[in-house]
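Here is the structure we will look at.
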Amino acid sequence: MLEVQGLTKKYGNYLAVDHVSFIVPNGQVGILLGPNGAGKSTIIKSIAGLLRYEGGVGIQQMPARALEAKRIFGYVPELPAMFDALTVREHIEYVRRAYDSPITDGEVAQLFTRFELDDKQEKLGNELSKGMMQKVSICCALAIKPKVILLDEPMVGLDPAAIKELKEVVLELKAQGTTVLISTHMLEMVKELWDVMFIMEKGRIVGTFTREQAKDADIEELFFQITGGGETK
């Protein structure tokens, strides 16, 4: 479970996020949406531990800053960052050791195969295209076998085959009871994935919908009804 409680963030006198609270239960996929400047990126970076903030973030009922919470939290940033001097395989091994992950060699091999990285294992971080870096970033997050995972614009830069594979991975994580939060503006890519949707505007959550509440309503229609047609970035 991912729980955000009264999260508030100011940049000087500017209130970027104003007492935001929401929960994504175990085994559900949450979608975080918002127009430009809504505070979505601030929420994401706060959850990921990249910003100081007021309020609380809980991972499986533990404070997000606790070591045990960090061990079960996976994060795929919007802009992947690789170590220039590490190979693709060494990136996975680094994460595996840092998190003391139980992932097996066979499971690592399956990840490489699923994301078409078999022949890229010896390539260095500074030799990878953005799409390849995104695939490696996804594999690194999955390699810790997270109980909660945050995916920030995960499909940007991926080819159609990788997008299809990532969707299948998200559904598998959901079936395993993992909590997933996806931040994206590619609404058509998550139509079949989401369970609960949070819409932000001007630093606040202005709309929350579950799939049951939405029934047959289109996800884009729901978004535009709340925001009045703003961009979903």
Side-chain angles (χ1 to χ4, degrees), residues 2 24 26-33 44 47-48 72-83 86-96 98-99 101-197 211 219-220 232-233:
L2 171 64
V24 185
N26 291 334
Q28 290 199 9
V29 178
I31 306 296
L32 184 64
L33 306 173
I44 293 164
I47 293 172
I72 59 172
F73 176 75
Y75 173 50
V76 179
E78 180 178 5
L79 299 174
M82 303 286 103
F83 294 107
L86 292 186
T87 66
V88 168
R89 171 165 284 281
E90 287 170 342
H91 275 86
I92 301 296
E93 189 61 28
Y94 174 83
V95 169
R96 186 184 193 177
Y99 284 81
S101 171
I103 192 169
T104 65
D105 290 340
E107 289 170 328
V108 171
Q110 288 175 1
L111 282 177
F112 285 150
T113 298
R114 294 189 73 166
F115 288 96
E116 299 180 324
L117 292 171
D118 283 319
D119 60 345
K120 305 293 191 300
Q121 295 185 45
E122 300 308 317
K123 280 191 171 292
L124 296 174
N126 61 6
E127 297 175 330
L128 301 176
S129 67
K130 184 181 185 301
M132 287 297 173
M133 291 172 66
Q134 186 75 344
K135 291 180 181 182
V136 175
S137 184
I138 291 168
C139 289
C140 285
L142 295 174
I144 71 171
K145 292 196 168 185
K147 298 297 184 184
V148 176
I149 185 168
L150 171 58
L151 306 165
D152 187 9
E153 300 290 0
M155 298 171 190
V156 174
L158 294 183
D159 54 67
I163 289 174
K164 179 176 181 292
E165 202 63 49
L166 180 57
K167 288 182 179 181
E168 291 180 3
V169 167
V170 169
L171 292 176
E172 290 170 11
L173 290 170
K174 175 179 172 178
Q176 295 164 9
T178 301
T179 299
V180 182
L181 180 63
I182 302 174
S183 172
T184 183
H185 69 282
M186 302 171 70
L187 301 187
E188 71 280 1
M189 297 294 184
V190 295
K191 285 183 178 180
E192 69 271 37
L193 302 178
W194 73 284
D195 295 297
V196 59
M197 174 170 54
R211 183 174 285 276
I219 187 174
E220 293 179 351
T232 55
K233 178 63 176 169

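Keep in mind the model is a prediction, meaning the values are calculated, not measured. Every heavy atom of this structure was used, including side-chain atoms; hydrogens, water molecules and symmetry mates were not.
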**Asked** What's the spacing between E107 CD and R114 CZ if we round to 0.5 Å?
**Response** 11.5 Å
**Prompt:** With a cut-off of 6.0 Å (strictly less than), are more than 12 heavy atoms of other residues, nucleotides or ligands near OH of Y99?
**Reply:** no
**Message:** Can a donor-acceptor pair be found, under 3.5 Å and without considering hydrogens, that links the side chain of D195 to the backbone of V29?
**Reply:** yes
**Asked** Crowded around K147 NZ? As in, over 12 foreign heavy atoms under 6.0 Å?
**Response** no
**Prompt:** Which is it for T179 and I149 under the side chain to side chain contact (heavy atoms under 4.5 Å, CB included) test, yes or no, and what are the steps along the way?
**Reply:** CA-CA 6 Å; T179 299; I149 185 168; over 6 Å; no
**Prompt:** Do L187 and L33 have side-chain heavy atoms sitting under 4.5 Å apart?
**Reply:** yes
**Request:** Evaluate side chain to side chain contact (heavy atoms under 4.5 Å, CB included) for I72 paired with V148, printing each intermediate quantity in order.
**Result:** CA-CA 6 Å; I72 59 172; V148 176; 5.7 Å; no
**Request:** Would you mind checking if E127 and K120 are paired as a salt bridge, meaning a charged N to carboxylate O distance below 4.0 Å?
**Result:** no
**Prompt:** If we only count heavy atoms from C-beta on, is the L111 to I103 side-chain gap below 4.5 Å?
**Reply:** yes
**Prompt:** Distance from D105 atom CG to I92 atom CD1, nearest 0.5 Å?
**Reply:** 12.0 Å
**Prompt:** Quick one: do E93 and R89 make a salt bridge, cutoff under 4.0 Å?
**Reply:** no
**Message:** For L117 versus C139, what's the shortest heavy-atom pair and its separation?
**Reply:** CD1-SG, 3.9 Å
**Request:** Quick one: do E78 and I44 satisfy side chain to side chain contact (heavy atoms under 4.5 Å, CB included)? Show the steps, please.
**Result:** CA-CA 10 Å; E78 180 178 5; I44 293 164; over 6 Å; no
**Heavy-atom pair of closest approach, residues K167 and L193** = O-CD2, 3.9 Å
**Message:** Do the side chains of K164 and D159 get close enough for a salt bridge, i.e. N-O under 4.0 angstrom?
**Reply:** no
**Asked** Is there side-chain contact between L32 and M197, with at least one heavy-atom pair below 4.5 Å?
**Response** no
**Message:** side chain to side chain contact (heavy atoms under 4.5 Å, CB included) for L151 and V170? Distances and angles first, verdict last.
**Reply:** CA-CA 10 Å; L151 306 165; V170 169; 4.1 Å; yes
**Request:** May I ask you to decide if F83's main-chain N or O and H91's side chain share a donor-acceptor pair within less than 3.5 Å?
**Result:** yes
**Prompt:** So do I163 and M189 actually touch side chain to side chain, heavy atoms under 4.5 Å?
**Reply:** yes
**Message:** To the nearest 0.5 Å, what is the distance between CZ on F115 and CD on Q110?
**Reply:** 12.0 Å
**Prompt:** Can you tell me how far the CD1 atom of I31 sits from the CD1 atom of I182, to the nearest 0.5 Å?
**Reply:** 4.5 Å
**Complete:** Closest non-hydrogen contact found for M133 with P80 is CE-O, 3.3 Å
**Asked** Taking the side chain from T178 and the backbone from K174, do they hold a donor-acceptor pair closer than 3.5 Å?
**Response** no
**Request:** Determine the minimum heavy-atom distance between Q134 and P77, stating which atoms define it.
**Result:** OE1-O, 4.0 Å
**Complete:** Here the pair of heavy atoms bringing S183 nearest to P154 is O-CD, 3.9 Å
**Prompt:** What distance separates T87 OG1 from K123 NZ, expressed to the nearest 0.5 Å?
**Reply:** 11.5 Å
**Request:** Considering non-hydrogen atoms only, spot the tightest contact between A141 and V76 and give its length.
**Result:** CB-CG2, 3.6 Å
**Message:** Using 0.5 Å steps for rounding, measure from the CG atom of L158 to the CE atom of M132.
**Reply:** 10.0 Å
**Asked** Is there a donor-acceptor contact under 3.5 Å from the side chain of R211 to the main chain of V196?
**Response** no
